[in-house]
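The block underneath contains the structure these notes are about, expressed in structure tokens.
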Amino acid sequence: MPELPENEAQRLTLERTCLNRTVEAAELGDNITHIDLPGDNELGRLKGRQFTETRRHGKNIFLGSKTGPWITVHLGMSGWLIPYDLPESEPDHTKFRIVFEGDRRLAFRCPRKLGHVKVIEDPDAYIAAKKLGPDALSIERNTFVDFLGGSKAAIKSALMDQNRIAGIGNLWSDEILFQTGLDPARKGSDLKADRLDTVFDAMLTTLSKGVVVEADYSRLPDDWLIPNRKSKSDCPRAGCEGKLTHRKVGGRTAYYCPAHQS
DNA sequence: GTGATTGTTAGTAA
DNA sequence: ATTACTAACAATCA
């Protein structure tokens, strides 16, 4: 579930539940093969610390303090951070947990094991080392338009290029293109400047709305794609008579409406 | 059984 | 050097 809006919702969850509490232990869950988690050394460093701030860049979440160290979490395809209080029980597929003083716990549930948790010194250095582009909600219009206008890849793939724009994945790229009326396979380099501007505007309004509703799709407008993202259903856009369909674009399944996206 | 999945990355090719 | 594309990763579900 994790693209920019989902990760921002998760960051808010951490902000609300995990700050200013002493870490009693950081532990690995069961069945941790094939997943990138902190070793004994890093786990030991977290003990006794308190987290005082959260950050997010693209699909990366950070939890830490001025003096470090920080924890960074990537949710992969199926990861989720779940705070709970004893005697509530821990979720299935917990790969990593933080035990705070008292009853509060934070579980990293990751059934498909494509996510990771790392202990790092500094979020900015980590973002630079990963060569992530600017966050999609902070990128300058000119930077965005220059990149997209020069891209010969499918526009859907370009929007999902984390090294150029951080935070957009398969679902939200579909939504942005649905709003913009563009076929997901169009090339950015074929678009005029005013069209590129509308993509930028749609990206901001779409992702911002996703953040406002904390990625709860039932609270998105009824005429958006994501709450209706099924093939053969009627296009939800007002006045559009088309039917939604899907096809592979850039190796991912793109949902779109051929009637108003071209 | 087949094929799909809201992500990243190593390898390959142009 | 840069950009674009594919397969692979792992587990689960339709």
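Worth knowing before you read on, the calculation uses all heavy atoms, side chains too, and leaves out hydrogens, waters and symmetry mates. Just so it is clear: chains get the letters A, B, ... in the order the sequence lines come, proteins before strands, and each one is counted from 1.
A:K131 comes within contact range of no nucleotide atom at all, as no heavy-atom separation falls under 4.0 Å. Within 4.0 Å (heavy atoms only), A:K248 reaches sugar-phosphate atoms of the nucleic acid but no base atom.
Contact check, A:R252 against B:dA4: no side-chain N or O comes under 4.0 Å of OP1 or OP2. Residue A:H74 places at least one side-chain N or O closer than 4.0 Å to OP1 or OP2 of B:dT8. When the side-chain nitrogen and oxygen atoms of A:H246 are compared with OP1 and OP2 of B:dA4, none of them lie within a distance under 4.0 Å. A close approach under 4.0 Å does not occur between any side-chain nitrogen or oxygen of A:K152 and OP1 or OP2 of C:dA4.
The side chain of A:L114 lies closest to C:dC9 when the candidates are B:dT9, C:dC9, C:dT3. Comparing C:dA4, B:dG7, C:dT12 by their closest approach to the side chain of A:A153 singles out C:dA4. Closest to the side chain of A:R164, out of C:dT3, C:dA11, B:dG7, is C:dT3. Each of C:dA11, C:dA10, B:dT8 was ranked by its minimum atom distance to the side chain of A:K59; first place goes to B:dT8. Residue A:M77 has its side chain nearest to B:dG7 when only C:dT3, B:dG7, B:dA4 are considered. Listed candidates were B:dA4, C:dA11, C:dA4. Nearest to the side chain of A:R112 is C:dA11.
With respect to A:Y84, the side chain to side chain donor-acceptor pair (under 3.5 Å) criterion is satisfied by exactly one of A:R104, A:E90, A:R97, A:R105: A:E90. Among the candidates A:T13, A:L137, A:V211, the single residue satisfying the side-chain contact (heavy atoms from CB on, under 4.5 Å) test with A:E8 is A:V211.
Taking a 6.0 Å sphere around CG of A:N20, one finds it holds more than 12 heavy atoms contributed by other residues, nucleotides or ligands. Residue A:D222 qualifies as open at atom CG: its count of foreign heavy atoms under 6.0 Å is 12 or below. When the shell of 6.0 Å around CG of A:D30 is examined, it contains 12 or fewer heavy atoms from other residues, nucleotides or ligands.
Cluster annotation: A:F96 is not connected to A:I120 through the hydrophobic network of ILVMFWY side chains, with a link wherever side-chain heavy atoms come within less than 4.5 Å.
Checked against the 6.0 Å centroid criterion, the rings of A:H57 and A:F62 do not qualify as a close aromatic pair.
Remark: P of C:dA4 and CE of A:M160 are 13 Å apart, rounded to the nearest angstrom. As rounded to whole Å, 9 Å separates atom P of B:dT8 from atom CD of A:E3. Atom pair A:H116:NE2 and C:dC9:C1' shows a separation of 15 Å (rounding to whole Å applied). Look at CD1 on A:I32: it is 20 Å from P on C:dC9, rounded to the nearest Å. In this structure, CG of A:L159 is placed 14 Å from P of B:dT8, rounded to the nearest angstrom. B:dT8 atom C1' lies 11 Å from atom CG of A:N60, rounded to whole Å. Regarding A:D161, its CG atom lies at a distance of 14 Å from the P atom of C:dT2, rounded to whole Å. Atom C1' of nucleotide B:dT5 and atom CG of A:L75 are separated by 15 Å, given to the nearest angstrom.
With both ends at atom P, the span from C:dT12 to B:dT9 equals 23 Å, rounded to whole Å.
The aromatic rings of A:H116 and A:H74 lie tilted to each other, with the angle between the two planes from 30° to 60°.
Between A:N163 and A:N170, the residue anchored nearer the 5' end of DNA chain B, judged by the nucleotide with its closest heavy atom, is A:N170.
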- Per-nucleotide pairing state of DNA chain C [Watson-Crick or G-U, under 3.5 Å; [ ] pseudoknot-crossing; | other strand]: .||||||||.||||
